A.B. asks: 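Take this structure, written in structure tokens, and hold onto it; I'll ask about it next.
The first residue in the sequence is number 1, and the count goes up from there. The shown structure was predicted, so the numbers you read here are calculated from the model rather than taken from an experiment.
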Amino acid sequence: MTVRQSIVFNGDLGSGKSTVSVEIAKRLGMRRVSVGDLYRQMAQERQMTALQLNLHAELDQAVDGYVDQLQRDIAASGEALVMDSRLAWHFFTDALKVHMITEPGEAARRVLLGRSGPAESYTSLEEAKAKLRERSESERGRFILRYGVDKARLRNYDLICDTTRATPEQVIEHVIDVHQGRLGAEVLRAGAPLLLLDPRRIYPTEDIAALRGLWDSEFVGEVAEAGDEALEPLRIGYTGEYFFVVDGHRRLSAALQSDFPLVPAQLVAEVDEPVVGGTSAVDYFTSQVRSSVIHDWEAAHGSTLPLPAHALLAGDAVLAGEPGTGA
């Protein structure tokens, strides 16, 4: 008898992993284990917030030790299950490792509106955003120091899913399709993470005037009719903060024109990995993604992309209310 593959979810608060993992466990008939629930219970028992418990865990290894052993035992049992945990990907080998992300402001809004008790209470959106970032960085530092692994590295995972605009149902269907081999199989066989990204959060790297076929209505119509899962995966780079196109501007444009909340992609390079030649993902992004490129892309697609720091400092930066160079 073939043992079904487990699914392990990682993601910061507000990414939707609890909602998604609960429903996927139901649909696939698997048991679900949530380490986050366990940590929240531990925090409440100690009359701490979740952030305070994280900071305490940096000094007291017993906090992580108990939870780590629990995850090791579950992974060794061979049971196929759904695991909601920020570190299960490190302990599980035969599992689909899913990392869920969302725009920080949207994550803070979700947490603020869906408070889960004293361990997760915030008084404002800005406080929620700041505390969630602090908590995530605390965990990241602790995991690097204690386990020698970086949870922010995308190559730790099989699937990265951006939930910023996608509904829970859309995310659930896509994750199940990946788990069942109906989506992204070739990308995963090649050893590259499969990305399901919000097309509105992907940066162009070429001047729109130099791109051909963006407004081919027949192609756009075919893409819209077939749906996002039928789209050939984009080739994407990642700076550690921003996603950008290496190859696939035409497909990205069609996804934007079709108002897809998700678009499939393959990770080409992240952070210091080379995109082309010896140019790292960070350096490639800095050299290619200029404010004029962003502005013209926004104007053409009715979308908005935050200006990265290097673009704000560049000489071609476009001020609010001013026309771009391609206008």
Side-chain angles (χ1 to χ4, degrees), residues 6-17 20-21 35-36 54 57-58 64 67-68 71-72 75 83-104 107 132-164 171 175 178 184 187-198 201-203 233-246 262 264-276 278-286 289 308-309:
S6 294
I7 307 176
V8 297
F9 286 90
N10 169 63
D12 290 328
L13 277 173
S15 63
K17 61 186 175 61
V20 170
S21 62
V35 171
N54 272 338
E58 293 178 9
D64 284 337
V67 177
D68 292 349
Q71 293 183 89
R72 289 191 185 96
M83 193 86 179
D84 179 349
S85 162
R86 291 185 181 86
L87 201 57
W89 56 268
H90 178 57
F91 297 110
F92 280 70
T93 53
D94 183 27
L96 176 67
K97 302 177 182 182
V98 182
H99 179 54
M100 295 177 63
I101 61 175
T102 196
E103 190 276 322
L132 292 182
R133 181 178 179 84
E134 184 179 356
R135 176 174 169 180
S136 180
E137 287 303 313
S138 169
E139 284 185 340
R140 183 185 183 192
R142 190 166 88 247
F143 293 168
I144 290 173
L145 181 64
R146 193 159 296 171
Y147 308 101
V149 295
D150 187 352
K151 72 170 191 172
R153 181 173 168 78
L154 300 187
R155 294 199 189 277
N156 289 321
Y157 313 104
D158 301 305
L159 172 63
I160 293 88
C161 186
D162 187 342
T163 69
T164 301
V171 174
V175 173
V178 174
V187 172
L188 294 176
R189 278 196 297 269
L194 174 67
L195 312 177
L196 295 174
L197 303 177
D198 182 346
R201 298 219 297 147
I202 302 174
Y203 287 77
L234 311 176
R235 290 170 57 79
I236 292 290
Y238 180 57
T239 67
E241 183 175 7
Y242 303 110
F243 292 97
F244 60 89
V245 182
V246 175
L262 294 170
Q266 175 179 342
L267 181 68
V268 173
E270 64 177 313
V271 192
D272 56 355
E273 296 174 352
V275 176
V276 290
T279 306
S280 71
V282 170
D283 290 342
Y284 186 88
F285 181 79
T286 302
V289 180

A.B. asks: Going by the angle between their ring planes, with limits at 30° and 60°, are Y157 and H99 parallel, tilted or perpendicular?
C.D. replies: parallel

A.B. asks: Check whether any side-chain heavy atom of P193 lies under 4.5 Å from a side-chain heavy atom of D158, and answer yes or no.
C.D. replies: no

A.B. asks: Could you report the tightest heavy-atom contact between V178 and L96, atom names first, then the distance?
C.D. replies: CG1-CD1, 4.0 Å

A.B. asks: Work out which heavy atom in A269 is nearest to a heavy atom in P274; give both atom names and the distance.
C.D. replies: CB-O, 3.4 Å

A.B. asks: Could you check if a side-chain atom of L267 sits within less than 4.5 angstrom of a side-chain atom of R155, using non-hydrogen atoms only?
C.D. replies: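 Touching, per the 4.5 Å side-chain cut-off.
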
A.B. asks: Compare every heavy atom of T279 with every heavy atom of Y284, then report the nearest pair and how far apart it is.
C.D. replies: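 The answer is N-CG2, 3.6 Å.
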
A.B. asks: So if I apply the side chain to side chain contact (heavy atoms under 4.5 Å, CB included) rule between Q266 and each of V187, L194, L188, which one comes out positive?
C.D. replies: V187

A.B. asks: Which label fits Y242 and F285: parallel for a plane angle under 30°, tilted from 30 to 60°, or perpendicular past 60°?
C.D. replies: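 Plane angle under 30°, so parallel.
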
A.B. asks: For R133, is the CZ atom crowded, meaning more than 12 foreign heavy atoms sit under 6.0 Å from it?
C.D. replies: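 Atom CZ in R133 is not packed in, count stays at 12 or less.
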
A.B. asks: Just so I know, are the side chains of Y238 and L195 near enough to count as touching, which here means a heavy-atom distance under 4.5 Å?
C.D. replies: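 They are not in side-chain contact.
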
A.B. asks: Of the non-hydrogen atoms in K151 and S136, which two are nearest, and what is the gap between them?
C.D. replies: NZ-OG, 3.1 Å

A.B. asks: Between T163 (side chain) and S15 (backbone), is there a donor-acceptor pair under 3.5 Å?
C.D. replies: yes

A.B. asks: Could you walk me through whether L154 and F243 satisfy the side chain to side chain contact (heavy atoms under 4.5 Å, CB included) test, starting with their C-alpha distance in whole Å, then the side-chain angles of each, then the deciding distance to 0.1 Å, before giving a yes or no?
C.D. replies: CA-CA 12 Å; L154 300 187; F243 292 97; 3.8 Å; yes

A.B. asks: In the structure I gave you, are the side-chain heavy atoms of F143 and R86 within less than 4.5 Å of one another anywhere?
C.D. replies: yes

A.B. asks: Could you check if a side-chain atom of Q71 sits within less than 4.5 angstrom of a side-chain atom of V8, using non-hydrogen atoms only?
C.D. replies: no

A.B. asks: In the structure I gave you, are the side-chain heavy atoms of L87 and N10 within less than 4.5 Å of one another anywhere?
C.D. replies: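 L87 vs N10: side chains apart.
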
A.B. asks: Should the pair R201-E103 be classified as a salt bridge under the 4.0 Å nitrogen-to-oxygen rule?
C.D. replies: no

A.B. asks: Please identify which of these residues, I7, I160, V20, meets the side chain to side chain contact (heavy atoms under 4.5 Å, CB included) condition with V98.
C.D. replies: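 Among I7, I160, V20, the one meeting side chain to side chain contact (heavy atoms under 4.5 Å, CB included) with V98 is I7.
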
A.B. asks: I want to check something: taking the side chain as every heavy atom from C-beta on, are V35 and M83 in contact at a cut-off of under 4.5 Å?
C.D. replies: yes

A.B. asks: With a 3.5 Å distance limit and no angle check, can you tell me whether E273 reaches the backbone of E270 through a side-chain donor-acceptor pair?
C.D. replies: yes

A.B. asks: I'd like to know if the side chain of S21 reaches the main chain of K17, judged simply by a donor and an acceptor atom lying under 3.5 Å from each other, with no hydrogens or angles considered.
C.D. replies: yes

A.B. asks: May I ask you to test the L132-D12 pair for a side-chain heavy-atom distance under 4.5 Å?
C.D. replies: no

